[in-house]
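Naming convention: chains lettered A, B, ... in sequence-line order (proteins, then strands); numbering from 1 in each chain.
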Number of protein chains: 2
Amino acid sequence: MVGRFVHDKLEKGRYKLTSQRAAVLDIMMDNRGRHLSADEVFFEAKTRLPNIGIATVYRTLEKMASLEILHKTVFDQGKYRYELCDENAHHHHHIICLSCNSIIEVQDDLLNSLEKHLEEQGYRIIDHELKLYAYCPDCLQKRRDDSTPDVSS
Amino acid sequence: MVGRFVHDKLEKGRYKLTSQRAAVLDIMMDNRGRHLSADEVFFEAKTRLPNIGIATVYRTLEKMASLEILHKTVFDQGKYRYELCDENAHHHHHIICLSCNSIIEVQDDLLNSLEKHLEEQGYRIIDHELKLYAYCPDCLQKRRDDSTPDVSS
DNA sequence: GTTATGCTTGATAATGATAATCACTTATGG
DNA sequence: CCATAAGTGATTATCATTATCAAGCATAAC
Ligand SMILES: [Zn+2]
Ligand SMILES: [Zn+2]
Ligand SMILES: [Zn+2]
Ligand SMILES: [Zn+2]
């Protein structure tokens with residue numbers, strides 16, 4: 001079920017689409033919008049291919065990242081997380097809730113003016129990664145509820 | 001040689017300024033603008049306190065980060081890096097050169113409009129971290145020099 | 001002083017994510 | 001079929017960080 005997008009990139013690298021690689025890619029596509037770690041992918045992959053080895057998962061994730069099929073990043077530390085690349089050029093950014101640790105994606109791209117400023121100073125900007133640390137609306141609401149004693153009890 | 005800034009934060013946490021902690025802080029102050037890993041700090045600390053243990057360095061860096069004396073982040077992965085916090089509230093951002101891996105600091109803060117936009121959506125933004133990946137002017141110049149054959153030889 | 005209490009330290013072991021190794025299997029092309 | 005290379009699973013190695021633990025050193029009571 002891999003799309004042309006992924007197919008082309010694999011062929012360009014002359015890599016075979018084995019069942020293991022297909023399983024990993026399927027998992028990533030089934031979890032679009034989430035950011036999975038290698039062990040999470042491995043756990044899910046075991047349910048589809050019980051004999052798959054953890055090393056293959058690591059190798060596949062690494063390879064797909066080098067082909068720019070997956071984007072590799074680190075939110076917390078000591079652990080990489082992967083997600084499907086945006087097919088259309090520019091990637092997105094992330095808000096990480098300081099309370100529930102949920103990761104919300106931001107599509108706004110108001111960084112162009114900053115990039116332009118720096119290009120004028122002689123840099124050639126290739127990519128950027130923005131992480132905003134915040135409290136999400138849900139958590140803020142929950143906090144309000146908690147501090148408002150329930151009158152009915 | 002620790003400033004009032006650091007002193008106050010230590011006292012607030014009721015922590016003693018031992019010779020080991022002072023050594024680590026001195027190293028961080030002597031390397032203002034750089035981003036040191038635990039082993040780099042340990043190596044330098046050994047020249048000042050030959051008996052200092054690696055565990056103490058880790059503990060001290062961790063403690064100083066929790067007191068917001070040091071800022072802890074990860075540029076490459078699998079390794080934390082530390083730097084002194086900006087005393088005046090808002091922190092800075094980083095440009096990482098894709099060629100020489102140098103880290104250049106950016107003071108511009110053109111992210112306010114994005115933050116404002118998100119606050120309107122119900123988020124409470126606390127902090128952000130921006131990493132720009134680029135080629136620095138030096139590396140771009142070097143590349144130009146290399147591709148221009150030397151006529152005089 | 002002596003003693004008790006708790007913070008701090010250094011050495012070392014444990015942990016945990018990822019990378020490397022290696023023997024075995026599976027395409028693929030002649 | 002045979003040769004070559006790619007891919008896999010199991011296992012080990014690596015490396016940064018954390019946990020453990022006994023000893024050292026304060027500070028404050030006794
Ligand atoms: Zn939240
Ligand atoms: Zn994302
Ligand atoms: Zn450079
Ligand atoms: Zn910095």
*Asks:* Nearest whole angstrom, please: distance from the C1' of D/dG24 to the CG of B/Leu49.
*Replies:*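 B/Leu49 atom CG is separated from D/dG24 atom C1' by 16 Å.
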*Asks:* Throw together a table of side-chain donor-acceptor distances under 3.5 angstrom for residues 43-53 of chain B, partners on residues two or more places apart or in other chains.
*Replies:*
| from | atom 1 | to | atom 2 | distance (Å) |
| --- | --- | --- | --- | --- |
| B/Glu44 | OE2 | B/Arg48 | NE | 3.1 |
| B/Glu44 | OE2 | B/Arg48 | NH2 | 3.1 |
| B/Lys46 | NZ | B/Pro50 | O | 3.4 |
| B/Thr47 | OG1 | B/Glu44 | O | 2.6 |
| B/Arg48 | NH1 | B/Asp30 | OD2 | 3.3 |
| B/Arg48 | NH2 | B/Asp30 | OD2 | 3.0 |

*Asks:* Taking all atoms of both residues into account, what is the closest heavy-atom pair of A/Leu36 and A/Ile27, and its distance?
*Replies:*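 Looking at all heavy atoms of both residues, the shortest contact is CD1-CG2, 4.0 Å.
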*Asks:* Show the nearest heavy-atom pair for residues A/Lys16 and A/Arg21, with the distance to one decimal.
*Replies:*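 Residues A/Lys16 and A/Arg21, closest heavy atoms: O-NH1, 3.0 Å.
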*Asks:* Roughly how far apart are A/Thr56 OG1 and A/Phe42 CZ, rounded to 0.5 Å?
*Replies:*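 One gets 9.0 Å once the value is rounded to the nearest 0.5 Å.
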*Asks:* On DNA chain C, reading 5' to 3', which nucleotide is the first and which the last to sit with an atom under 4.0 Å from a heavy atom of chain B, could you check?
*Replies:*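 So the contact region on DNA chain C extends C/dT8 to C/dA11.
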*Asks:* Which whole-number value in Å describes the distance from B/Leu61 CG to D/dT18 P?
*Replies:*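 After rounding, the reported distance stands at 10 Å.
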*Asks:* Could you tell me the separation between the CG atom of A/Leu17 and the C1' atom of D/dT8, rounded to a whole number of Å?
*Replies:*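 After rounding, the reported distance stands at 15 Å.
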*Asks:* Regarding B/Asp39, tell me which of base, sugar-phosphate or nothing describes its non-hydrogen contacts under 4.0 Å with the strands shown.
*Replies:*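 No contact at all - B/Asp39 keeps every heavy atom at 4.0 Å or more from the nucleic acid.
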*Asks:* Taking all heavy atoms of B/Arg81 and all of B/His35, pick out the closest pair and write down the distance.
*Replies:*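 Scanning both residues completely, I find the closest heavy atoms to be NH1-O, 2.7 Å.
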*Asks:* Between atom CG in A/Asn51 and atom P in D/dT11, what is the gap in whole Å?
*Replies:*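 About 13 Å, once rounded to whole Å.
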*Asks:* Would you mind reading off the distance between A/Tyr15 atom OH and D/dG7 atom P, rounded to a whole angstrom?
*Replies:*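 Checked: the OH to P distance equals 7 Å.
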*Asks:* How long is the line joining CD1 of A/Ile54 and C1' of D/dA10, in whole Å?
*Replies:*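 Whole-Å distance recorded here is 12 Å.
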*Asks:* Of A/Lys16 and A/Tyr80, whose closest DNA chain C nucleotide lies nearer the 5' terminus?
*Replies:*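 Its nearest nucleotide lies further toward 5', so the answer is A/Tyr80.
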*Asks:* To the nearest angstrom, how far is A/Lys79 atom NZ from D/dA16 atom C1'?
*Replies:*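 Value for this atom pair: 15 Å.
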*Asks:* Find out whether the Lys NZ or Arg CZ of A/Lys72 is both under 6.0 angstrom from the six-membered ring centre of A/Tyr80 and within 45° of the ring's axis.
*Replies:*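 Yes, A/Lys72 and A/Tyr80 form such a contact.
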*Asks:* For A/Arg59, report the nucleic acid contact type (base, sugar-phosphate, nothing); a contact means any heavy atom under 4.0 Å.
*Replies:*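 Since a base atom lies under 4.0 Å of A/Arg59, the category is base.
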*Asks:* Inspect the contact between B/Asp127 and A/Lys131 and indicate whether a charged nitrogen and a carboxylate oxygen are less than 4.0 angstrom apart.
*Replies:*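 Here A/Lys131 does not pair with B/Asp127 in a salt bridge, since their nearest N and O are not under 4.0 Å apart.
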*Asks:* Would you say a side-chain N or O of B/Tyr58 is under 4.0 Å from OP1 or OP2 of D/dT18?
*Replies:*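 Looking at the OP1 and OP2 atoms of D/dT18, neither is under 4.0 Å from any side-chain N or O of B/Tyr58.
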